[in-house]
Amino acid sequence: MRLRFAPSPTGYLHIGNARTALFNYLLAKKHRGKFILRIEDTDIARSEKEFEKGIIEDLRWLGIDWDEGPEKGGDFGPYRQSERLKTYREFAERLLKQDKAYYCYCSKGELEQRNKELLARGESPRYDNRCRNLTKNQGIEYKLEGRRPVIRFKIPERMIEINDLIRGKVSFDTRLMGDFIIMKSDGTPTFNFAVVVDDILMRITTVIRGEDHLSNTPRHIMLFEALKAKIPEFAHMAMTLGPDGSRLSKRHGATSVREYRRLGMLPEAFFNYLALLGWGTKESQELFTKEELIKEFSLERCKEGAAIFDIEKLTWMNGLYIRKKEPEELVRLSLPYLKEKGLGGEEDYLRKIIVLERERIKKLSEVPELIEYFLVEKIKFDPEAVEKVLKRPEVKEILTSLKQELENLSDFSAGSLEKTIRNWTKNKDLKTKDVFHPLRVAITGRTVGPGLFETMEVLGKERVLKRLKGAERKC
RNA sequence: GGGGCGUUGGUCCAGCGGUUAAGACAGCGGGCUUUCAAUCCGCCAACAGGAGUUCAACUCUCCUACGCCCCGCCA
């Protein structure tokens with residue numbers, strides 16, 4: 001079994017494409033087949049090396065690897081379409097010789113004009129095959145005019161039935177289609193031609209791709225047949241949509257894997273979430289390791305309807321994976337985000353902080369904001385907290401008195417702190433929340449956070465006392 | 001304009017002729033906590049509409065509506 005993922009490097013790895021790559025990858029692994037990466041960079045104007053690099057990086061980040069591909073190599077390369085132009089020309093030549101394709105001299109402008117007219121008349125916009133039977137002289141004449149021809153494929157008139165692995169039998173009537181272009185006038189192949197030539201040469205057995213290609217599949221099948229090649233199996237997976245049900249685009253926010261990566265999504269979480277989009281098990285299991293997914297995945301269980309990408313659920317799942325991470329690992333992962341905000345600290349200290357804050361982290365990008373008060377000399381005070389908690393009349397005295405109490409405390413562990421402060425509160429005949437709340441605001445600047453005593457322990461005696469002193473001035 | 005594919009709560013997804021239509025996210029309420037979070041408990045909420053077929057239809061057929069895709073010298 002040989003499968004492939006064939007992105008165009010015209011942008012970073014899109015979520016929808018990532019999902020296509022994932023499904024291909026899962027099935028290839030499940031059947032111990034080969035997974036091939038092919039770069040479809042025939043659109044010279046829009047393709048960029050930078051995007052190719054980015055896509056490869058993001059796939060690796062996601063934990064998807066391949067057996068054959070650019071750089072990596074393989075027996076059926078090259079794996080970049082821009083390096084296979086000669087092959088496409090040879091195949092086109094073959095079709096031309098067999099009278100299965102022909103030169104078409106119609107200009108873009110003429111084509112556009114005719115389609116417009118057809119549409120205005122309420123007819124279907126499609127090529128009228130007028131260059132099919134051009135005489136030699138007409139061809140020469142056109143060339144003399146300076147026209148650069150394209151090569152079109154001569155469509156045989158018939159019904160084509162696809163047995164799609166996800167949606168079953170689908171049929172098309174080719175009489176409703178016009179002869180389509182296989183080679184552009186600049187000598188490069190069109191997508192529809194290049195995929196077929198490559199899939200033949202790369203011995204692809206199963207094509208899993210987006211539903212947007214379902215309508216192109218009859219064209220591909222005609223080409224496979226014209227080239228006397230074995231037709232692979234097809235599986236067209238439903239689209240990934242934005243929150244409003246329209247095609248996922250920039251206006252919906254982040255659409256590329258790279259953006260989610262920057263936000264601090266974990267690859268394991270992203271991988272897991274993506275697998276659940278358009279696929280599910282009987283048991284409605286939600287959490288899967290990569291190995292489990294490889295074992296469980298099947299095309300029969302793929303949904304036919306489109307799915308909306310839900311950032312909320314992804315975020316929830318990411319939090320779940322974050323909570324499962326070892327503190328050391330989490331510190332390591334958070335470092336770039338801290339650095340970006342100019343924050344840092346001793347590894348040991350950071351680890352203790354992360355242990356306290358871990359269950360509050362949903363995305364790595366939130367870490368700096370979440371733990372900032374542990375790392376800076378001068379903490380920021382939440383104005384509302386100051387107003388509502390610190391400004392209360394009795395607070396100043398409580399803090400001053402408590403500070404004295406803590407100055408004499410040698411064991412600054414959470415347990416000891418809790419015992420001491422609770423006793424102190426009791427002796428002063430105060431309610432715990434009237435002490436705990438101001439204390440929290442005084443040492444963290446906020447009203448929310450991890451356990452108070454754990455926080456104090458991690459901060460350490462010196463910082464706590466200093467902050468209490470600082471807070472008195474805010475009362 | 002033609003063709004293709006699809007439609008279960010706000011979202012993901014289970015169900016494959018007979019179920020109180022399950023689970024998850026989100027939302028709401030509650031327990032636990034000094035607070036938030038985590039966690040636990042509970043609640044809200046769906047078969048797009050209409051005709052058939054059938055003793056019985058979310059499940060099968062047809063029509064309609066809506067959405068997405070293709071009809072590009074984009075992929």
Side-chain angles (χ1 to χ4, degrees), chain A residues 6-8 10 40-43 45-47 104 106-108 111-112 115 118-127 148-152 162 164 166-167 170-173 176-178 180-186 188-192 194-195 210-219 236 238-239 241 243 245-247 273 276-287 301 303-317 319 323 357-362 370 385 389 418 421-422 425 431-441 444 446-453:
Chain A
S8 289
T10 53
E40 307 216 325
D41 55 353
T42 51
D43 185 350
R46 292 199 301 148
S47 293
C104 164
C106 299
S107 74
K108 262 181 175 170
L111 256 16
E112 204 178 311
N115 276 164
L118 282 169
L119 220 39
R121 261 185 284 147
E123 284 175 56
S124 291
R126 62 157 174 252
Y127 182 60
R148 312 284 323 149
V150 298
I151 301 174
R152 284 186 189 266
I162 301 165
D164 193 277
I166 292 175
R167 42 201 87 227
V170 183
S171 46
F172 295 89
D173 186 348
L176 270 20
M177 304 174 194
F180 59 94
I181 298 174
I182 57 174
M183 292 296 278
K184 305 175 203 168
S185 57
D186 66 0
T188 62
T190 57
F191 158 79
N192 282 325
V195 246
E211 194 191 351
D212 48 342
H213 286 122
L214 185 55
S215 305
N216 282 140
T217 307
R219 284 176 252 275
H236 288 92
M239 302 271 90
L241 271 22
S246 70
R247 195 184 192 139
Y273 176 74
L276 255 32
L277 227 49
W279 176 84
T281 61
K282 230 184 179 85
E283 298 77 21
S284 289
Q285 184 180 340
E286 305 251 74
L287 267 23
R301 292 204 63 85
K303 255 197 56 162
E304 289 145 320
I308 289 172
F309 184 80
D310 184 8
I311 299 167
E312 296 267 10
K313 188 152 183 177
L314 200 215
T315 305
W316 161 76
M317 191 170 273
R323 270 170 258 140
E357 217 58 80
R358 183 167 49 176
E359 63 211 31
R360 256 160 294 262
I361 308 170
K362 291 247 193 293
L370 229 37
V389 181
E418 177 155 15
I421 296 172
R422 280 195 192 276
T425 306
K431 275 191 276 188
T432 52
K433 69 174 203 177
D434 290 331
V435 177
F436 293 6
H437 281 294
L439 186 50
R440 175 184 295 283
V441 176
T444 69
R446 10 183 132 172
T447 55
V448 299
L452 182 55
F453 308 109

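Lettering of chains follows the sequences in order, A, B, ..., and the numbering in each one begins at 1. Worth knowing before you read on, the calculation uses all heavy atoms, side chains too, and leaves out hydrogens, waters and symmetry mates. Bear in mind that the values here come from a model prediction, so they are computed numbers and not experimental data.
Among all heavy-atom pairs drawn from R219(A) and M177(A), the shortest one is NH1-SD, 3.6 Å. Here the closest non-hydrogen pair linking R301(A) and K282(A) is NH2-N, 3.1 Å. Minimum interatomic distance between I166(A) and E304(A) (heavy atoms only, all atoms of both residues): O-OE2, 3.6 Å. T42(A) approaches T188(A) most closely through the heavy-atom pair O-OG1, 4.3 Å.
A donor-acceptor distance shorter than 3.5 angstrom exists from the side chain of Y273(A) to the backbone of D310(A), with no hydrogens or angles considered. Put simply, the side chain of R440(A) gets close to the backbone of P450(A): a donor and an acceptor are under 3.5 Å apart.
Within 4.0 Å of R358(A), counting heavy atoms only, lies no atom of the nucleic acid at all. Counting non-hydrogen atoms under 4.0 angstrom, R323(A) reaches the backbone sugars and phosphates but no base. Among the heavy atoms of the strands lying under 4.0 Å from R440(A) is at least one base atom, whether or not backbone atoms are also near. At a threshold of 4.0 angstrom between heavy atoms, the contacts of L452(A) include nucleobase atoms, whether or not backbone atoms are also involved. Using a 4.0 Å heavy-atom cutoff across all strands shown, E304(A) reaches sugar-phosphate atoms only and no base atom. Within 4.0 Å (heavy atoms only), H213(A) reaches at least one base atom of the nucleic acid. Using a 4.0 Å heavy-atom cutoff across all strands shown, T281(A) reaches sugar-phosphate atoms only and no base atom. Across all strands, S171(A) comes closer than 4.0 Å only to sugar-phosphate atoms, never to a base (heavy-atom distances). Backbone-only contact: T42(A) has heavy atoms under 4.0 Å from sugar-phosphate atoms and none from a base. Within the 4.0 angstrom heavy-atom criterion, no nucleotide atom of any strand lies near P243(A). Among the heavy atoms of the strands lying under 4.0 Å from T447(A) is at least one base atom, whether or not backbone atoms are also near. Among the atoms of the strands shown, base atoms are found under 4.0 Å from some heavy atom of N216(A). Nucleic acid contact for V150(A): base, since at least one base atom lies under 4.0 Å from a heavy atom of the residue. Heavy atoms of G245(A) sit under 4.0 angstrom from primed sugar atoms or phosphate atoms, though from no base atom.
Here the separation of G9(B) from C5(B), taken at their P atoms, is 22 Å to the nearest Å. Atom name C1', nucleotides G23(B) and U8(B): the rounded distance is 13 Å, in whole Å. Rounded to whole Å, the P atom of A26(B) lies 40 Å from the corresponding atom of C62(B). If you take atom C1' in C66(B) and the same atom in C60(B), they sit 23 Å apart, rounded to whole Å. Comparing the P positions of G2(B) and C73(B) gives a spacing of 22 Å, expressed to the nearest Å. A gap of 14 Å separates the C1' atoms of A51(B) and A57(B), to the nearest Å. Nucleotides A22(B) and G42(B) place their P atoms 14 Å apart, quoted to the nearest Å. For the P atoms, the distance from U53(B) to C47(B) is 24 Å, rounded to whole Å.
Stem analysis of RNA chain B (Watson-Crick or G-U pairs, both distances under 3.5 Å, runs of at least three) returns B:1-7 with B:65-71, B:10-12 with B:23-25, B:27-31 with B:39-43, B:48-52 with B:60-64.
In this structure, T217(A) and F172(A) have side chains that are not in contact, with every pair of non-hydrogen atoms separated by 4.5 Å or more.
Partners of E40(A) under the side chain to side chain donor-acceptor pair (under 3.5 Å) rule, at least two apart in sequence or in another chain, are R38(A), Q81(A). A search for side-chain contact (heavy atoms from CB on, under 4.5 Å) contacts involving P149(A) returns Y103(A), Y105(A), not counting sequence neighbours. Listed by chain and residue number, R422(A), F453(A) satisfy the side-chain contact (heavy atoms from CB on, under 4.5 Å) test with E418(A) (two or more places apart in sequence, or in another chain). Residues passing the side chain to side chain donor-acceptor pair (under 3.5 Å) test with R148(A): none are found, sequence neighbours excluded.
Mapping heavy-atom proximity under 4.0 Å, the span of RNA chain B touched by chain A runs 5' to 3' from G1(B) to A75(B).
Comparing V448(A) and K362(A), the nucleotide of RNA chain B nearest to each residue sits closer to the 5' end for V448(A). Sequence order on RNA chain B of the closest nucleotides to R422(A) and L176(A) puts L176(A) first from the 5' end.
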